[in-house]
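Since the structure comes first, as structure tokens, the remarks are kept for the end.
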Amino acid sequence: MDRQRQSESRRNLSEVNVVVVADSTASNGRLLHLHALSTDSASLPNANEQMSRWSTLVLAYKTLGVVFGGLVTSPLYVYPSMPLKSPTKEDYLGIYSIMFWTLTLIGVVKYASIAIKADDHGEGGTFALYSLLCRHVNIGILSSKRVSSNSSLSHSVHEGTGKKSRLGIFFESSIVARRVLLFVAILGTCMLIGDGILTPAISVLSAMDGLRAQFHSVSKSLVEALSAVVLVVLFLLQKFGTSKAISPHYIFHFFWRNGKEGWLLLGGTVLCITGSEAMFADLGHFNQRSIQIAFLFTIYPSLVLTYAGQTAYLIKNPNDHDDGFYKFIPTAVYWPIFIIATSAAVVASQSLISATFSVIKQSVVLDYFPRVKVVHTSNSKEGEVYSPEVNYILMILCVAVIIIFGDGKDIGNAFGVVVSLVMLITTILLTLVMIIIWKTPPVLVALYFSMFFVMEGVYVSAVGTKIYEGGWIPFAISFMLAVIMFGWFYGRQRKLEYELTHKITLERLIGLLSYPGVQRVPGLCLFYTNIQDGFTPILGHYIKTMKSLHKVTIFTTLRYLLVSKVAPHERIIIKKLGLKGVYGCVIQYGYADSLNLEGDDFVSQVTNSLHMHLQGCLDGLTYDPVEIQEEISDLEQAKQAGVVHVIGKTRFHVGKSCRWFDRIMLAFYEVMHNNCRSALPALGVPLQQRIEVGMLYEA
């Protein structure tokens with residue numbers, strides 16, 4: 001019988017993809033690591049390393065729409081967004097020179113050459129930079145604190161090696177600095193989401209405005225209505241799955257001649273680089289090489305030539321700058337260009353919508369945003385996601401922006417604020433990465449920071465004057481999103497603090513089980529908790545109410561770490577908790593990982609991992625073999641008797657003694673918590689196996 005069990009255990013070993021077994025009761029505090037990889041996965045090389053040149057070129061082709069859609073449609077609205085007054089040839093040459101060097105320095109140097117290398121396990125964007133910093137230095141506010149001291153992943157969360165920089169030490173020691181950094185990361189994230197609202201609005205509106213150039217009877221209201229219809233259709237489809245004039249001296253003469261007016265025109269020229277942040281934010285959808293190839297060999301030269309052509313036309317026709325993109329094309333090819341421009345605008349909208357979905361997913365799994373449904377639209381690409389709730393909210397906001405702010409210049413002003421702030425925030429975070437993680441020589445850091453901070457700072461100062469002319473829109477959107485993110489974060493932090501303060505110790509659990517009438521009933525229970533050092537307070541409430549505890553109870557924690565992906569062999573952690581039939585299990589995920597476990601499959605992986613852990617204890621010298629065999633037998637019988645999933649449904653009780661700030665924030669958190677999705681449906685837990693235990697937490 002023992003050999004049969006051992007052989008079955010060996011078979012289970014081959015079936016389990018991943019497991020890390022932690023033995024918390026061993027006298028020497030050792031960790032037992034059992035890494036089980038299937039022979040198929042072990043034999044497969046890294047997909048990115050084996051990608052052929054042809055596959056890279058195919059990916060590069062795909063990036064033309066998904067990544068660069070916003071960037072390539074910027075010629076539709078750059079010149080019309082500028083408040084030009086009697087411009088001269090020299091003015092146009094100066095504007096073109098500014099656009100050329102902006103595209104070259106920010107597009108080629110910053111994003112395509114530097115920022116794209118600051119990925120977090122293949123993921124890009126503002127939050128990826130923040131999590132990259134948190135993994136190397138202990139500057140996280142909440143998520144990094146969740147890692148238990150006995151976790152085998154403690155080395156994965158803070159990967160910094162060697163001597164820490166003085167800047168890193170400063171952030172670790174200053175809670176104010178860490179909070180400011182978190183605020184900057186949240187602001188960048190909110191601005192990128194705002195970009196996802198404004199890009200569809202201005203791109204489609206600018207493209208559809210071409211109808212007025214050909215048909216003068218078409219009213220502005222009709223163009224706005226048609227643009228709204230196009231956007232609604234686009235959002236409903238989301239669920240299906242993304243010369244010599246370049247001399248810098250023209251810039252000097254431009255500002256010398258125009259002074260303040262030239263500075264204000266920067267609010268329009270900054271739009272030439274709109275969409276460049278998608279090169280970094282959409283990194284999880286593709287790879288570095290494909291994005292670089294597409295940008296350097298197609299997008300960049302195409303934009304340089306397009307703006308050169310527009311500038312040449314305007315030098316000959318200096319007063320046509322307000323009439324939009326369609327004045328620049330011959331009448332004979334009007335309709336083909338109109339169709340192409342409208343299609344490109346739709347694709348541009350898609351690129352930022354996709355980036356918004358990715359950012360929302362990152363925020364959700366890091367517990368900075370209420371849980372929403374996230375659907376993976378691709379079986380092969382983890383980064384391709386879709387959220388129904390977010391999709392419809394974006395659709396409503398985009399249509400509202402077009403209807404309320406139909407003037408393209410107002411939307412352009414708002415767009416300029418978003419673009420410049422996202423670029424500036426990326427520069428700040430990337431500078432921290434260069435200092436703290438890359439250990440870049442100070443001279444190069446100073447050169448990078450001074451160049452891009454000054455350039456983007458000037459752009460921010462210019463668009464800052466447009467606050468009353470539409471520039472307030474992204475701030476309003478970002479403020480609402482920031483309130484939601486901070487309110488959710490604050491409530492989750494307070495809840496975690498309460499659970500850690502009122503946790504149930506092992507001695508207390510033994511005392512609860514010794515109460516008269518309390519029994520160990522047959523079956524397997526997965527009891528979900530947010531803490532590992534002790535037991536959740538809900539457990540005491542559950543035992544007192546139900547007067548029972550299952551013979552095999554696995555306290556399960558879904559832990560999202562400040563990494564994009566958790567290594568497969570570190571996905572599941574199992575440990576004994578010092579009481580017969582009571583175990584701890586941690587399922588670890590990064591923000592780019594997918595909770596792709598479904599119901600029975602999830603239970604099977606956990607129980608197989610536990611079986612392996614017990615088998616490992618049987619092979620060792622620490623435990624009594626007879627006792628371990630009994631636990632293995634109890635596990636098999638419990639699984640056959642039935643499985644139940646227990647999750648707490650907690651609420652805050654806000655008393656009269658609470659501060660007004662706590663009253664407002666916790667009440668707001670409760671509203672969001674009551675309307676967000678549960679974590680269990682993501683695991684496909686059948687409704688009949690689910691038990692929710694309600695409990696009030698004293699605020």
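Under the 3.5 Å distance criterion, the side-chain polar atoms of Gln588 are left unmatched by any main-chain donor or acceptor of Ile573. Of the possible donor and acceptor atoms, one in the side chain of Thr557 sits under 3.5 Å from a partner among the backbone N and O of Thr529.
Contact annotation: the side chain of Phe295 never approaches that of Val67 to less than 4.5 Å [non-hydrogen atoms, C-beta and beyond]. Contact check for Phe171 versus Leu133: no side-chain heavy atoms found under the 4.5 Å cut-off. Put simply, the side chain of Glu224 reaches to within 4.5 Å of the side chain of Leu205, judged on heavy atoms. In this structure, Val401 and Leu198 have side chains that are in contact, with non-hydrogen atoms separated by less than 4.5 Å. Residues Cys585 and Leu610 form no side-chain contact, since every pair of their non-hydrogen atoms from C-beta on lies 4.5 Å or further apart. The shortest distance between side-chain heavy atoms of Ile291 and Phe68 falls below 4.5 Å. Within the 4.5 Å cutoff, side-chain heavy atoms of Arg492 are placed close to those of Asn530. A 4.5 Å side-chain heavy-atom check between Glu277 and Thr126 finds every atom pair outside the cut-off.
Aromatic ring pairs are classed by plane angle as parallel below 30°, tilted from 30° to 60° and perpendicular above 60°; the pair Phe652 and Tyr697 is perpendicular.
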task = I would like to know whether Glu670 and Val654 meet side-chain contact (heavy atoms from CB on, under 4.5 Å); could you show each step before the answer?
result = CA-CA 11 Å; Glu670 288 298 335; Val654 182; over 6 Å; no

message = Is there a side-chain contact (heavy atoms from CB on, under 4.5 Å) between Leu429 and Leu181? Walk through the geometry before answering.
response = CA-CA 9 Å; Leu429 294 178; Leu181 184 62; 3.5 Å; yes

ask   = Between Val606 and Ile587, is a side-chain contact (heavy atoms from CB on, under 4.5 Å) present by the stated rule, with each step listed?
value = CA-CA 9 Å; Val606 173; Ile587 313 294; 4.2 Å; yes

task = Applying side-chain contact (heavy atoms from CB on, under 4.5 Å), run through Leu271 and Ser74 and close with a yes or a no.
result = CA-CA 6 Å; Leu271 298 180; Ser74 57; 5.6 Å; no

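Between His673 and Lys495, the shortest heavy-atom contact is NE2-NZ, 3.9 Å. Of all heavy-atom pairs spanning Val270 and Ser420, the tightest one is CG2-CB, 4.4 Å. Cys676 and Trp488 get closest at one heavy-atom pair: SG-CH2, 3.6 Å. Of all the heavy atoms in Ser290 and Leu59, the pair that sits closest is CB-CB, 3.6 Å. Minimum heavy-atom separation, His541 to Val693: CD2-CG1, 3.7 Å. Across all non-hydrogen atoms, the minimal contact from Gly487 to Met665 is CA-CE, 3.4 Å.
In this model, no donor atom of one side chain and acceptor atom of the other lie less than 3.5 Å apart for Tyr498 and Thr650.
Rounding to the nearest 0.5 Å places CD1 of Ile273 at 8.0 Å from OH of Tyr111. With values rounded to the nearest 0.5 angstrom, Ile574 atom CD1 is found 5.5 Å from Ser609 atom OG. Between Ile193 atom CD1 and Ile477 atom CD1 the span is 10.0 Å, to the nearest 0.5 Å. In this structure, CD1 on Ile484 lies 11.5 Å from OG on Ser363, to the nearest 0.5 angstrom. The OG1 atom of Thr553 sits 9.0 Å away from the CG atom of Leu526 when rounded to the nearest 0.5 Å. Here the NZ-CG distance, from Lys117 to Leu430, works out to 11.5 Å after rounding to the nearest 0.5 Å.
Residues satisfying the salt bridge (Lys or Arg N to Asp or Glu O under 4.0 Å) test with Glu497, not counting sequence neighbours, are none.
Among Ile428, Thr427, Ile425, the one residue that satisfies the side chain to side chain contact (heavy atoms under 4.5 Å, CB included) test with Glu456 is Thr427. Screening Phe661, Phe668, Tyr368, Tyr669 for a ring pair (Phe, Tyr, Trp, His ring centres under 6.0 Å) involving Tyr490 leaves a single residue, Phe661.
Taking the centre of each ring, Tyr542 and Phe527 come in below the 6.0 Å mark.
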